[in-house]
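First listed ligand is number 1; within each ligand, the first listed atom is number 1.
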Amino acid sequence: MLTIFTYFEITLLNIDSKFRYLQRFMNNKVHNFSAGPSILPDKVFEQASSAINNFNGKGLSILEISHRSKDFMDVLDEARSLAIEISELDTNKYTCLFLQGGASMQFLMTAYNFLNKNAAYINTGSWSTKAIKEAKLFGNVTEIASSFDKNFNYIPKDFSINEDYDYLHITSNNTIFGTQFHSFPVSNCPLIVDMSSDIFSRKIDFSKFDLIYAGAQKNLGPAGATMVIINKELLDKVQRNVPSMMSYKVHIEKDSSFNTPPVFPIYCILLNLRLIKQEGIDSISEKNKIKSEFIYGEIDRNKCFSGFSEVSDRSQMNATFNINEGFDSELFNKICSNNNISGINGHRSVGGYRASIYNALPLESLNVLVDSMKEFELSQE
Ligand code: PMP
């Protein structure tokens, strides 16, 4: 009796989750422009939901299996090797970790491990500013360039890099301000990059970097895991006694399992990395270029809006824009909400709007936003 009841309950649960899944993608499709946590491919949601009920057909949920089980070790191994493969890096030189504590933990971990005397930082926004603040706890920080003078609406280009720096740290894409490095500084000191909001969104030469970190919750997976790709030679530079949880060396030696790793986020990242590999970075790059040109084209054309960041430094991931004076933002907000547009409010330090157009955002959603901007312009005549 109990078995029949449980079976019935599970069937209902499955139907309910399938129904919610269909509802998400059919009727009231919400166009999700959130900056992070943000949209992920439908397939990731579908496969992850199924693994919550039954992972690998083993009758256990991905949420309840041991992180030491063979099934999970396979997930971890595949995710790590896919990350290196997609980055086209030498597997003998680089390794990949999945850590906790978000990208914010990397602000201090990078400095704890590698800042011995003096490190250089390029300050391009709130996240760089936070990274600088943490680094100052460990040594001298030289801010070799900053765009603070114009509320971070551009990427500084005028700076020189002393090769004696322990490392140079940059933020490749500034999620809040909507600017992005379109070419990277060339230096003889190690280059560390916070790539949280544009990892695997465009074709770049990853071998320019010695350490790449990215909080998962934009182009990789759900919040809770941070991907770190590290050139193992960098470990020779560690001079401090670093506590185990903060030590890259310890995490590498323990294969990302020094403590319990974030099993579910890593599994979702794996599902996404498989899709990224399948599609290929070239195709993803091309789509992101088309998407960003489309939204910026409308921002520039539409008399009601102005872009926030300098044209040459615009981000392909986060398009920031404002309503021009004299136009009714309440009405635009209403049009967006009527059209099921979610998450386009700008960050409080910039105001206005921010459309985050990560890899998984379909052109269809962007069409809805652009049409809403046009609808708003017409209403203002
Ligand atoms: N760096 C960048 C570029 C970000 O956009 C963010 C926000 N997700 C962070 C760092 C901080 O990430 P987390 O919340 O994972 O610590």
Quiz item: What about Thr175: any of its N or O atoms under 3.5 Å from an N or O on ligand 1?
Solution: yes

Quiz item: Salt bridge or not for Lys203 and Glu88, using N-O below 4.0 Å?
Solution: yes

Quiz item: Is any side-chain N of the basic residue among Arg314 and Glu310 closer than 4.0 Å to the acidic one's carboxylate O?
Solution: no

Self-check item: Identity and separation of the nearest protein heavy atom to atom 1 (N) of ligand 1
Solution: Asp194 OD2, 2.6 Å

Exercise. Examine Thr171 against ligand 1 and note whether any of their N/O atoms are separated by less than 3.5 Å.
Key: no

Quiz item: Nearest protein heavy-atom contact for atom 14 (O) of ligand 1: which residue, which atom, what distance?
Solution: Gln217 NE2, 3.6 Å

Quiz item: Hey, is Thr226 touching ligand 1 through its side chain, its backbone, both or neither, going by heavy atoms under 4.0 Å?
Solution: neither

Quiz prompt | atom 16 (O) of ligand 1 [closest protein heavy-atom partner, distance rounded to 0.1 Å] | solution = Ser104 OG, 2.5 Å

Quiz item: Charged N to carboxylate O under 4.0 angstrom, Asp255 versus Arg80?
Solution: yes

Practice problem: Can you figure out which of Tyr213, Phe107, Trp127 has its heavy atom closest to atom 7 (C) of ligand 1? | Solution: Trp127

Practice problem: Work out whether the distance between some heavy atom of Lys130 and some atom of ligand 1 is less than 4.0 Å. | Solution: no

Practice problem: Determine whether the aromatic ring centres of Tyr248 and Tyr112 lie less than 6.0 Å apart. | Solution: no

Quiz prompt | Lys/Arg N to Asp/Glu carboxylate O, Lys249 vs Glu253, below 4.0 Å | solution = yes

Quiz item: Which of the atoms of ligand 1 are close to Gly102, meaning less than 4.0 Å from one of its heavy atoms?
Solution: 15 (O), 16 (O)

Exercise. Report yes or no: do Asn118 and Asp164 form a side-chain donor-acceptor pair below 3.5 Å?
Key: no

Quiz item: Just by distance, with hydrogens left out, do Tyr154 and Asp149 show a side-chain donor and acceptor under 3.5 Å apart?
Solution: yes

Practice problem: Could you find the nearest protein heavy atom to atom 13 (P) of ligand 1 and give me its residue, atom name and distance? | Solution: Ala103 N, 3.6 Å

Quiz item: Is the closest N or O pair between Gly101 and ligand 1 shorter than 3.5 Å?
Solution: no

Quiz prompt | Carboxylate-amine/guanidinium contact Asp194 Lys130, below 4.0 Å | solution = no

Practice problem: May I ask you to identify, for Ser196, whether its side chain, its backbone, both or neither come under 4.0 Å of ligand 1 on a heavy-atom basis? | Solution: side chain

Exercise. List every atom of ligand 1 that sits less than 4.0 Å from any heavy atom of Asn173, numbering the atoms from 1 in the order shown and giving each element.
Key: 3 (C)

Exercise. Please state which part of Lys218 comes within less than 4.0 Å of ligand 1, counting heavy atoms only: side chain, backbone, both or neither.
Key: side chain

Quiz item: So, Arg301 and Glu298, do they make that salt bridge, N to O below 4.0 Å?
Solution: yes

